[in-house]
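Just so it is clear: chains get the letters A, B, ... in the order the sequence lines come, proteins before strands, and each one is counted from 1. Heavy-atom basis, side chains included; hydrogens, waters and symmetry copies ignored.
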Amino acid sequence: MKLVKYVFLDILRSKILIAYAVFLIAISSGLFMISAEPVKAITSLLNIVLIVLPLFSVVFASSYYYNAYEFTELILAQPIKRSTLFFSQFVGVGAALSLSFIFGCGIPVLIFFRDSSALILLCCGLALTWVFTAIAFLAVVYARDKTKGIGIALLLWFYFVFIYDALVLLFLFNFSNYPLEKMLMMLTFLNPVDLTRIIMLMQLDMAAIMGYTGALFTQFLGSSTGLVWCFFALLLWIAVPFILAQRKFTRKDI
Amino acid sequence: MIDIQHISKQYKSVRAISDIALRFNAGQSVALIGPNGSGKSTLMKCILGLAKPTSGNIYVQQKNISGSELYRTDIGYMPQIIRFPEHMLVSQLFFMMRDLRRHTNDLDNELFEAYHIRDMFAKPLGGLSGGMKQKVNAALAFMFNPKILILDEPTAGLDPLSAELLKAKIRKEKSKGKLIIISSHIMADLEEIATDVLFLIEGRIAFYKTLEDLKRETSSNNLGRSIASYMAEQKISI
């Protein structure tokens, strides 16, 4: 547990992380200042959060793992369990990324848009940060080579942010004669990015633009139980990749 | 102290170690030598639990190391020139290691003081030169008074004076009855500190004898030359 502190303090001093926070501040406060309606700003911000946040988390977490590799080796030569070290690195990276996000997005959002949906946006952002940190850690433990590992992590990001939606659309198009609403809802749970997008759109009362499925979503997610389910699913999206990654890490050769 | 029972290590397509069986005892200072890729690092990694042998077992102080981590309390490890986290301060590194090791009594600060590490405390590790990092690395390995020291190219990158200090320290610890395993390519250094020579070729033991025996058998006073002539006699080729 003490390790978390040291990992966290080391990362916090990295300039890239500071640049990331500054970038988020600029974007989010810029959006609020430009748009007349805060709701519009928060929708634009949502789109940025959904793309940039996973991308940065994936790249940062995977490059951290490789940069710290030799140090990892030294730590593992101490009487320390591998699972302890891995967990500390995960929590350290996730916490540092979360802090920059809260600093970069949280402060402007809370200044310009004090609302429950702003809070939900921040929770979604935090969840996405942890989900993609976990996914990146899963990708890198399987690849010895740095370029390959970061490449796989980036591909996973690309898959969840772009390819998955394309596949879903293709699927909908081909089976448009069948009632697919329930199916579509299931599919949403299989992609953390879509899941957070839906949560937010529901919050901002934009379900109407999604027609029939939207109605179903509102029925399910409009209730607070639905929201709890969504966040529970996001929690699983953090836990499952992390547990798989940790399993691999404790068994592999360093 | 360390009992290696027929271990082999197979990486995907390479057999790094094939069926090595040997013992290291307290008071020994073993020079681990061999050409590049002969399995020296892999053997060290197996002892440290960083790599897991494909078959065979390793016992450190009569305990099987597989699946345990506490046995490493007795091991000090000095990796080859290492990259520390850039932003961590030298002081933080030492505090962290002390935290991780838990037992903070009977610390061995000799190298720590000889290398004036306290003067570097406020510097980030990323700002240290290669030689300074190696000093930090050495001071850390010896700090917790471990019974076993595993040193991978310990003098690489050190200035002559610091290298001498390190060698003197190694000799001193050996005379206290510790086990020291050193991998190095610098024969002159090894000659000064080693009691035994373990020569690996292609993951197998080419020979494992005391330095005296080796010198006697080859009637040579120089470690480098006696290894060369031994290999010629035994028709060992690399």
Side-chain angles (χ1 to χ4, degrees), chain A residues 1-20 60-61 63-89 92-93 96 99-100 141-146 148 246-254, chain B residues 9-12 16 41-42 44-54 65 67-89 91-103 124-126 133 136-137 140-141 143-144 146 148-150 152:
Chain A
M1 270 322 91
K2 296 164 195 152
L3 261 174
V4 176
K5 183 180 85 188
Y6 293 101
V7 172
F8 181 70
L9 285 178
D10 172 50
I11 300 175
L12 267 198
R13 289 205 198 93
S14 96
K15 291 190 184 73
I16 302 172
L17 205 67
I18 297 168
Y20 171 61
F60 189 84
S63 42
Y64 172 81
Y65 175 85
Y66 288 108
N67 289 339
Y69 202 77
E70 289 165 53
F71 190 61
T72 302
E73 201 181 294
L74 180 66
I75 299 286
L76 290 182
Q78 317 299 321
I80 291 291
K81 275 201 175 71
R82 284 200 189 184
S83 49
T84 311
L85 172 74
F86 195 69
F87 183 74
S88 309
Q89 288 187 330
V93 170
L99 194 72
S100 334
V141 288
Y142 276 95
R144 212 172 178 80
D145 181 54
K146 183 172 178 172
K148 199 174 154 196
Q246 196 178 41
R247 236 173 94 90
K248 172 72 182 167
F249 184 77
T250 49
R251 279 153 208 221
K252 73 185 286 211
D253 294 318
I254 301 297
Chain B
K9 178 67 195 173
Q10 178 90 38
Y11 288 112
K12 268 169 204 147
S41 307
T42 309
M44 287 184 162
K45 283 187 170 185
C46 285
I47 296 173
L48 288 162
L50 294 173
K52 305 196 170 169
T54 323
I65 63 167
S68 110
E69 74 283 339
L70 284 175
Y71 79 96
R72 290 195 289 261
T73 316
D74 292 324
I75 299 184
Y77 173 52
M78 188 176 165
Q80 257 185 56
I81 299 172
I82 182 191
R83 242 174 57 206
F84 291 112
E86 273 181 48
H87 307 284
M88 188 180 274
L89 302 178
S91 54
Q92 280 177 327
L93 177 68
F94 278 86
F95 289 136
M96 178 178 87
M97 284 299 186
R98 225 177 282 181
D99 265 1
L100 296 185
R101 286 280 187 158
R102 272 162 253 160
H103 78 110
L125 286 155
K133 274 183 203 161
V136 169
N137 196 359
L140 272 180
M143 177 155 263
F144 301 96
I148 300 164
L149 282 154
I150 298 181
D152 199 352

d(L48(B) CG, I254(A) CD1) to nearest 0.5 Å is 11.5 Å
Nearest heavy-atom approach of K2(A) to D99(B) is NZ-O, 3.5 Å
Distance col, row E73(A):CD vs R83(B):CZ, nearest 0.5 angstrom, shows 12.0 Å
* Hey, does I75(A) have a side-chain heavy atom less than 4.5 Å from the side chain of M96(B)? -> yes
When rounded to the nearest 0.5 Å, the distance separating CD of E86(B) from CG of N67(A) is 7.5 Å
Under 4.5 Å to a heavy atom of chain A? For Q80(B) that would be neither
Rounded to the nearest 0.5 Å, the CD atom of Q78(A) sits from the CG atom of L140(B) at a distance of 7.5 Å
Could you check whether atom CD1 of I16(A) has more than 12 heavy atoms from other residues, nucleotides or ligands sitting under 6.0 Å from it? no
dist T42(B):OG1 -> D253(A):CG (nearest 0.5 Å) comes out at 9.0 Å
Applying a strict 4.5 Å limit to non-hydrogen atoms, the region of T250(A) in contact with chain B is backbone
Applying a strict 4.5 Å limit to non-hydrogen atoms, the region of Y11(B) in contact with chain A is side chain
Under 4.5 Å to a heavy atom of chain A? For I150(B) that would be neither
In this structure, CG of L74(A) is separated from CG of L93(B) (nearest 0.5 Å) by 7.5 Å
Applying a strict 4.5 Å limit to non-hydrogen atoms, the region of K52(B) in contact with chain A is both
For F87(A), the ring pair (Phe, Tyr, Trp, His ring centres under 6.0 Å) test, sequence neighbours excluded, returns F242(A)
Worksheet item: Short question: side chain of R82(A), backbone of L50(B) - any donor-acceptor pair under 3.5 Å?
Response: yes
Note: Q92(B) and L9(A) closest approach over all heavy atoms is NE2-CD1, 3.8 Å
Interface check, chain A: of A51(B), G49(B), P79(B), G76(B), most non-hydrogen pairs under 4.5 Å belong to A51(B)
The interface call for L76(A) against chain B, heavy-atom contacts under 4.5 Å, is both
Under 4.5 Å to a heavy atom of chain A? For M78(B) that would be neither
Those residues at least two apart in sequence (or on a different chain) that pass ring pair (Phe, Tyr, Trp, His ring centres under 6.0 Å) with Y69(A) are Y65(A)
*asked:* If you count every heavy atom of other residues, nucleotides or ligands that lies below 6.0 Å from K252(A) atom NZ, does the total exceed 12?
replied: yes
